[in-house]
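Along the sequence shown, residues are numbered consecutively beginning with 1. Note that the structure is a prediction, hence the values are computed from the model and not measured. For the numbers below, each heavy atom of this structure counts, side chains included, while hydrogens, waters and symmetry mates do not.
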Amino acid sequence: MNTELKKNTVFMRIVGVILSTCLIYFLIPNEKFIILLLFSLLLIFLMKSIQASISGEVFQPYESFNHKIKIWIYIFHFVFSSLLFLSLLGSKFDASKPLLGNLLISLLALLSLMCLVLFITYKLLRYDSNATEISLTGKYRILIYSIPSLVIYSIYLISYFPGAMSPDSLDQWSQTISHEFNDWHPVAHTWFIMLTTIIWKSPAAFSIVQILIISFVIGYLGYNFEKYGVNKYIIWISILCMSTIPINGIYSITMWKDILYSACMLLFSIFIFNLIKTKGNWLDTNLNIFLYFISSLGLIMFRHNGLIVFVVTLIILAIIFKSKLKKAYFISIIVVVVHLIITGPLYHFFNVKPSDPNEALAIPTQLIASVIAQDGNLAQEQRAFFNEVLPLEMWKKLYNPYSVDPIKFNEEYNRSFLLENKNEFIKQWLDVSFNNPGLVIKAYLKQVSVVWQIKQFNDGVSTLYLTDIYPKEVGEQMGLASIVINEKITSVINQILNSTWSYPLKIIWRPAIYTFLIILFSFVNILRGNWKYSLISLPVMLNTGMLLAAIPAQDFRYSYANLLVMFLAFLTVFVGKNSNLRGGTN
């Protein structure tokens with residue numbers, strides 16, 4: 001090695017250490033900075049990415065693109081890395097340190113993150129899968145890929161028998177007993193609970209069915225991509241990750257509508273990929289038509305915003321593919337008609353009480369509360385109006401920056417007045433927001449932080465999961481109780497779940513990390529010339545957008561689909577050949 005090359009290598013390593021250390025400083029809390037040693041592998045990976053960026057190696061895949069496209073590629077990398085950095089920032093900006101020092105460390109960390117994103121993209125682009133579609137005659141492969149999930153999720157059921165139930169779950173369970181239905185939680189999901197418990201009137205029956213559904217969807221995911229020729233090692237890594245991640249384990253036995261809704265979204269997204277890959281021919285069999293119908297119906301019936309997600313997705317697909325997916329459009333129209341029949345005549349027949357329209361006002365209510373709580377700029381008539389909705393002192397007392405539930409569920413909250421004056425409420429909200437932009441923007445970012453922020457603010461709170469029937473006394477009134485079947489197994493699973501509460505595993509409970517990964521994988525598909533594959537993210541991104549408009553609290557379950565679809569987006573990267581890029585494999 002000549003002297004000049006040695007100097008360049010030493011220089012790149014020094015720069016790599018500096019930039020990597022700055023980024024890790026942002027990834028690890030101050031009080032735990034000593035665990036930097038535990039991140040030696042991450043440090044090495046970061047250094048490799050920085051060296052590859054400085055040497056220009058990461059830019060090699062873009063040589064085949066023209067100048068204008070290159071500019072757009074680099075703009076994406078900059079914007080994506082910047083947003084990712086802000087998402088990771090949390091409350092890290094230390095006001096006690098000099099401003100210049102804060103800015104310098106932040107800039108170096110951002111540069112390090114950009115190098116990391118460039119390096120990951122480079123590695124994915126340089127991977128030539130040589131994937132070619134193969135014929136799989138046996139559907140038993142679905143079962144094989146399902147086995148890890150079936151086994152592990154069953155262990156969770158043994159640990160927390162008969163499953164986890166929250167007040168929402170108990171409300172639905174009470175409806176299955178009384179047959180007095182309320183669409184506050186989608187009645188279709190309540191009816192599904194009734195269906196699963198016809199033979200065995202226990203939440204365990206529902207848990208078993210839900211475990212089977214999620215496991216077979218995961219199994220179908222593995223089978224599907226084996227059929228498309230993806231390397232089996234990559235498939236099995238994905239399947240094992242989906243099986244072992246504690247989120248899927250505990251959610252598989254939790255009675256929340258969001259779980260099955262997310263499973264249906266994953267299955268529907270897989271079907272979108274199949275339609276794109278086969279140019280619509282995937283629907284040539286009756287079985288696939290039935291599966292598409294069921295997944296679509298579950299998507300629109302298990303959560304109230306599912307219909308909008310479904311319809312908008314199909315409209316976008318129709319604009320892009322026009323008549324090429326006409327069979328999918330026809331079936332989708334039937335799905336919507338069935339939905340209208342169920343929510344119309346059938347709901348009327350069963351005397352279903354409608355959901356609370358106040359749910360749509362979650363964000364406006366929260367932003368108004370933030371202004372009142374912080375003594376913002378309010379006109380006297382505005383104070384009088386909001387006092388009719390809820391006494392002003394209660395607005396201040398109940399305001400939680402991360403959840404509107406304490407306000408909207410308070411007994412003094414005048415729902416009837418609010419709904420009678422809904423238009424005036426929205427008008428006053430807009431006026432208040434215009435007069436208090438700083439307070440409102442800050443309050444909004446905190447309220448929706450579970451959607452966009454990987455590293456939450458220091459005062460942030462979030463609802464992750466539960467392991468028993470809560471409240472216990474309400475469950476006992478219905479004859480329900482949590483049972484410990486095997487103390488040792490329960491103890492082990494408790495330790496696994498508890499470990500996810502602390503850093504760095506806590507990051508798995510932040511949906512934003514999965515959203516960023518979905519975007520990155522979609523970008524790689526676009527660069528590969530497989531831009532249509534990125535359309536599989538349409539449903540989950542539309543769902544995320546709706547959460548940004550109306551999320552009521554910091555519940556991970558609202559964005560659970562992001563985790564599931566992330567694995568699908570990852571696997572699509574390895575389908576098909578790298579036709580647009582120069583160079584060999586790596």
Side-chain angles (χ1 to χ4, degrees), residues 12 15 19 23 46 48-88 106-131 272-273 276-277 279 312-313 315-322 324-325 452 512 515-538 540-542 544-545 566 568-586:
M12 286 190 294
V15 173
L19 296 182
L23 180 58
L46 284 170
K48 287 190 66 175
S49 67
I50 292 166
Q51 291 179 37
S53 300
I54 294 174
S55 67
E57 183 182 358
V58 296
F59 302 106
Q60 290 178 3
Y62 309 136
E63 292 176 358
S64 60
F65 294 102
N66 62 45
H67 181 68
K68 185 179 291 186
I69 294 178
K70 286 181 183 178
I71 292 176
W72 283 111
I73 290 173
Y74 299 142
I75 288 175
F76 169 84
H77 277 297
F78 175 75
V79 173
F80 179 85
S81 300
S82 298
L83 293 175
L84 180 58
F85 176 74
L86 291 175
S87 181
L88 288 165
S106 299
L107 179 60
L108 293 175
L110 174 58
L111 288 173
S112 180
L113 190 61
M114 291 178 65
C115 292
L116 179 61
V117 171
L118 280 166
F119 187 68
I120 293 173
T121 307
Y122 164 73
K123 284 294 184 181
L124 290 174
L125 286 173
R126 298 292 289 183
Y127 181 89
D128 191 350
S129 67
N130 292 316
I272 290 177
F273 181 78
I276 294 171
K277 194 78 172 64
K279 299 180 180 179
V312 174
T313 297
I315 290 174
I316 295 174
L317 291 178
I319 292 173
I320 294 173
F321 293 100
K322 298 181 173 60
K324 293 179 181 178
L325 304 179
W452 69 270
T515 305
F516 277 105
L517 287 172
I518 291 171
I519 294 172
L520 185 61
F521 297 146
S522 298
F523 178 67
V524 171
N525 273 325
I526 292 171
L527 292 180
R528 281 181 172 272
N530 297 327
W531 67 269
K532 291 179 181 178
Y533 294 174
S534 64
L535 296 175
I536 59 103
S537 64
L538 273 175
V540 76
M541 288 303 175
L542 288 169
T544 300
M566 183 274 293
L568 168 62
F570 172 71
L571 287 171
T572 62
V573 171
F574 303 96
V575 176
K577 292 185 178 181
N578 187 344
S579 58
N580 274 17
L581 302 172
R582 296 178 182 173
T585 61
N586 191 12

Next item on the list: Just jot down the ring pair (Phe, Tyr, Trp, His ring centres under 6.0 Å) partners of F78, sequence neighbours excluded, or say none.
Entry: none
Checklist line | R528 side chain vs L124 backbone, donor-acceptor pair below 3.5 Å | finding: yes
Next item on the list: Taking the side chain as every heavy atom from C-beta outward, state whether F59 and K70 have any pair of such atoms under 4.5 Å apart.
Entry: no
Check: Tell me, do L118 and T121 make a side-chain contact under 4.5 Å, heavy atoms counted?
Finding: no
Margin query: Among V117, L84, V573, T515, exactly one meets side-chain contact (heavy atoms from CB on, under 4.5 Å) together with L520. Which residue is that?
Written below: V117
Check: L568 versus I536: any side-chain heavy-atom pair under 4.5 Å?
Finding: yes
Next item on the list: Decide yes or no for M566 and V540: does some side-chain heavy atom of the first lie under 4.5 Å from some side-chain heavy atom of the second?
Entry: no
Notebook entry, point to check: Do you know which two heavy atoms are closest between W452 and L86, and how far apart they sit?
Noted result: CZ3-O, 3.8 Å
Note to self: With side chain to side chain contact (heavy atoms under 4.5 Å, CB included) as the criterion, how do E57 and F119 come out once you've worked through the C-alpha distance, each side chain's angles and the decisive distance to 0.1 Å?
What the structure shows: CA-CA 9 Å; E57 183 182 358; F119 187 68; 5.8 Å; no
Notebook entry, point to check: side-chain contact (heavy atoms from CB on, under 4.5 Å) with T313: which residues, sequence neighbours excluded?
Noted result: F268, I272, V309, L317, L538, P539, L542
Margin query: The criterion is side-chain contact (heavy atoms from CB on, under 4.5 Å); which residues satisfy it with K68, sequence neighbours excluded?
Written below: N66, W72
Next item on the list: For residues L125 and P61, report the shortest heavy-atom separation together with the two atoms involved.
Entry: CD1-CB, 4.1 Å
Next item on the list: Flag the pair F516 / F80 as yes when their ring centroid distance falls below 6.0 Å, and as no otherwise.
Entry: yes
Item checked: Contact summary for N525 and A569, nearest pair of heavy atoms -> ND2-O, 4.5 Å
Notebook entry, point to check: Side chains of M114 and F85: closer than 4.5 Å at any heavy-atom pair?
Noted result: no
Note to self: Working to the nearest 0.5 angstrom, can you tell me the gap between T572 OG1 and L535 CG?
What the structure shows: 10.5 Å
Notebook entry, point to check: Looking at side-chain heavy atoms only, is the closest gap between F321 and K279 below 4.5 Å?
Noted result: no
Item checked: Closest non-hydrogen atom pair, F523 against I73 -> CZ-CG2, 4.0 Å
